[in-house]
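Contents: one structure, followed by commentary.
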Amino acid sequence: MSEQQTHVDNVCEASGKIIAACGALKPRIAIILGSGLSGLAKRIENPVTLSYGDLPGFPVLTVAGHVGELLIGKLNGVPVIVLNGRKHFYETSDAYPLKTMIRSVKAAGAETLFLSNAAGSLRPPIKVSELMLITDHINFLGLNPLVGPNDEAFGPRFVPVTDAWDKELGAKVKAVAKQNGITLHEGVYVAFRGPSFETPAEIRMAQGWGADAVGMSSVPDCLIARHCGMKVVGVSCITNMGAGLSDEKLSHAHTLENAARGAGAFERLVTAAVKVL
Ligand code: HPA
């Protein structure tokens with residue numbers, strides 16, 4: 001069987017399991033939790049939990065801070081699907097696990113994908129442990145998850161991404177942040193492939209390109225979701241200044257530690273935002 005046919009079969013089977021687990025709930029929002037942000041999962045009321053291992057084609061996770069569970073339940077009274085953990089393109093060039101996750105939740109009825117990640121700031125006013133609404137992105141991964149045979153059943157070959165990050169939903173998240181006294185910057189997210197952090201020269205280059213935050217994720221997720229017609233909104237939790245912009249030493253442990261510092265505001269923001277999205 002071709003890789004693509006296996007993928008289609010996986011999406012059918014995984015979405016069937018998700019729909020069955022939803023029971024009477026009809027979640028329209030799926031949330032992907034980034035590095036160090038998995039605490040939001042604890043806020044889900046009466047969650048039904050599916051391990052990624054039980055969902056065909058879902059990723060097998062290896063990175064600390066990424067759990068590998070899909071939760072279904074209510075957040076602030078709103079039915080949601082939470083994808084707690086994902087695979088990055090520094091781990092694999094295989095986009096199928098991420099495609100399976102996103103297309104399965106779409107097939108299970110989710111229309112909006114809320115993305116989150118840990119990121120480095122490229123602008124001093126955007127400080128460590130603060131949040132940034134992603135208004136646009138730069139794909140510097142060197143790959144696009146939509147490369148390869150296109151299955152028209154999921155979406156078109158050529159995807160316009162002029163409006164990749166939904167303006168209307170972004171405005172709603174901004175309003176919620178304001179109402180709740182949460183600092184929410186906005187800006188452009190640039191994805192580097194990693195796994196090495198950037199050099200100071202690369203950070204200066206990204207600043208010159210107009211990027212405001214740097215990370216190693218979310219861009220593929222956004223492209224896959226837009227391809228299959230989902231709306232996308234996303235927030236970065238700033239865990240450090242970009243390389244060379246401060247004296248701090250970058251490490252994954254440092255990212256997780258500082259993500260924990262911003263996680264409270266992140267959780268409050270998403271909890272309040274799902275009510276209005
Ligand atoms: N660079 C890339 N990815 C990151 C960073 C960074 O500075 N911080 C958190 N994720």
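Just follow the structure's listing: the first ligand is 1, and inside any ligand the first atom is 1.
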Report task. Let me know which protein residues bring a heavy atom to under 4.0 Å of ligand 1; chain then number is fine for ordering. Result -> Ala118, Ala119, Gly120, Phe197, Glu198, Val214, Gly215, Met216, Thr239, Asn240, Thr255

Report task. Quick one: do Arg86 and Asp221 satisfy salt bridge (Lys or Arg N to Asp or Glu O under 4.0 Å)? Show the steps, please. Result -> CA-CA 10 Å; Arg86 51 165 154 49; Asp221 319 37; 3.4 Å; yes

Requested in this report: Determine the sole option in Arg123, Glu130, Lys127 for which the side-chain hydrogen bond (donor to acceptor under 3.5 Å, both in side chains) test with His185 is passed.
Outcome: Glu130

May I have the list of side-chain donor-acceptor pairs in residues 263-277 shorter than 3.5 Å, sequence neighbours left out?
unit_1, atom_1, unit_2, atom_2, d
Glu267, OE1, Arg43, NE, 3.1
Thr271, OG1, Glu267, O, 2.6
Lys275, NZ, Asn76, O, 2.8

Requested in this report: Dump the intermediate steps for side chain to side chain contact (heavy atoms under 4.5 Å, CB included) on Leu75 and Val82, then the final yes or no.
Outcome: CA-CA 10 Å; Leu75 178 62; Val82 172; 6.0 Å; no

**Report entry** His254 vs Lys249, side chain to side chain contact (heavy atoms under 4.5 Å, CB included): CA-CA, chis, key distance, verdict
**Finding:** CA-CA 8 Å; His254 182 261; Lys249 237 189 155 56; over 6 Å; no

Report summary line: Heavy-atom closest pair (Glu202 atom, Phe192 atom, distance to 0.1 Å) is CB-CE2, 3.9 Å

